[in-house]
Enquirer: 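What follows is a structure written as structure tokens; I'll ask about it next.
Order of appearance sets the numbers: ligands from 1, and atoms from 1 within every ligand. The structure displayed is predicted, hence computed values, not measured ones.
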Amino acid sequence: MLEKAVAFSHSLLKKSIIPGDIVIDGTVGNGNDTVLLASLVGKTGTVIGFDIQETAIEKTKQKLLLTGLLPQVELHHASHAQAVDFLPPNKELGGAIYNLGYLPGGDKEITTQKDSTLMSISFLLPRLRIGSLLVVVVYSGHPAGEAEKNALVDYVSQLDQKEYDVLLYQFLNQKNNPPFVLAIERKK
Ligand SMILES: C[S@@+](CC[C@H](N)C(=O)[O-])C[C@H]1O[C@@H](n2cnc3c(N)ncnc32)[C@H](O)[C@@H]1O
């Protein structure tokens, strides 16, 4: 009944994104989010994805090829801190997803970091279409994750409520720091 964090993040993206949208995957990883985004934007839309690991980009490219979704996806071997530089001018975003932490099955030392995560999110929020969402799945069960979680929760808690609605979706009785979701809706 209650969706786990990743499933809930996907339910939110399905509400935010419509065919033809331009959307951001801030952390491509194994490409599961990228595949969902590509199917939501359809052939007339664009997913712009970022990862600092070449292996993640290559693996996701293969996944998209196999599913026929590659034409509507741009993958960049770059930090999401630079995401705003890759956006077409004067276009609004239909949504964005960040799935923080390290690549499952990869090097656990290579993780998202609070400064680049905050920079990326703060630059993209004003580019959202009114009524669309930026969604973050937060993992705090590793050292960099704890600092990142604290910085992120501080930052989103202070967003002006006239401009953004901010949701935290979290299970309170689970052991071992399960992931939780932050969702930010642009209101004006
Ligand atoms: C939890 S994984 C993402 C999972 C992915 N969304 C999926 O559906 O499979 C986190 C990814 O973030 C990437 N990453 C870390 N720092 C980054 C940065 N500054 N910019 C973009 N990607 C980054 C890591 O290389 C890793 O692949």
Enquirer: Does ligand 1 have any atom that is closer than 4.0 Å to a heavy atom of Gly31?
Expert: yes

Enquirer: Using a strict cut-off of 4.0 Å, indicate which atoms of ligand 1 neighbour a heavy atom of Gln53.
Expert: 24 (C), 25 (O)

Enquirer: At a non-hydrogen distance cut-off of under 4.0 Å, which region of Tyr102 contacts ligand 1 (side chain, backbone, both, or neither)?
Expert: backbone

Enquirer: Check whether any heavy atom of Leu100 sits under 4.0 Å from an atom of ligand 1.
Expert: yes

Enquirer: Need the ligand 1 atom indices (1-based, order shown) with element for anything under 4.0 Å from a heavy-atom of Gly26.
Expert: 21 (C), 22 (N)

Enquirer: Report the member of Asn99, Thr111, Ile110, Asp115 with the shortest heavy-atom distance to atom 10 (C) of ligand 1.
Expert: Asn99

Enquirer: Could you find the nearest protein heavy atom to atom 23 (C) of ligand 1 and give me its residue, atom name and distance?
Expert: Ile52 CG1, 3.8 Å

Enquirer: If you measure only the distance, is there a donor-acceptor pair under 3.5 Å linking the side chains of Ser120 and Tyr98?
Expert: yes

Enquirer: Heavy atoms only, cut-off 4.0 Å: how does Thr117 contact ligand 1, side chain, backbone, both, or neither?
Expert: neither

Enquirer: Yes or no: does Val28 have any heavy atom under 4.0 Å from an atom of ligand 1?
Expert: yes

Enquirer: From atom 22 (N) of ligand 1, work out which of Asp51, Leu103, Asn30 has a heavy atom at the shortest distance.
Expert: Asp51

Enquirer: Looking only at the side chains, is there a donor atom on one of Asp25 and His80 sitting less than 3.5 Å from an acceptor on the other?
Expert: no

Enquirer: Hey, are the side chains of Val6 and Asn32 touching, using non-hydrogen atoms and a 4.5 Å cut-off?
Expert: no

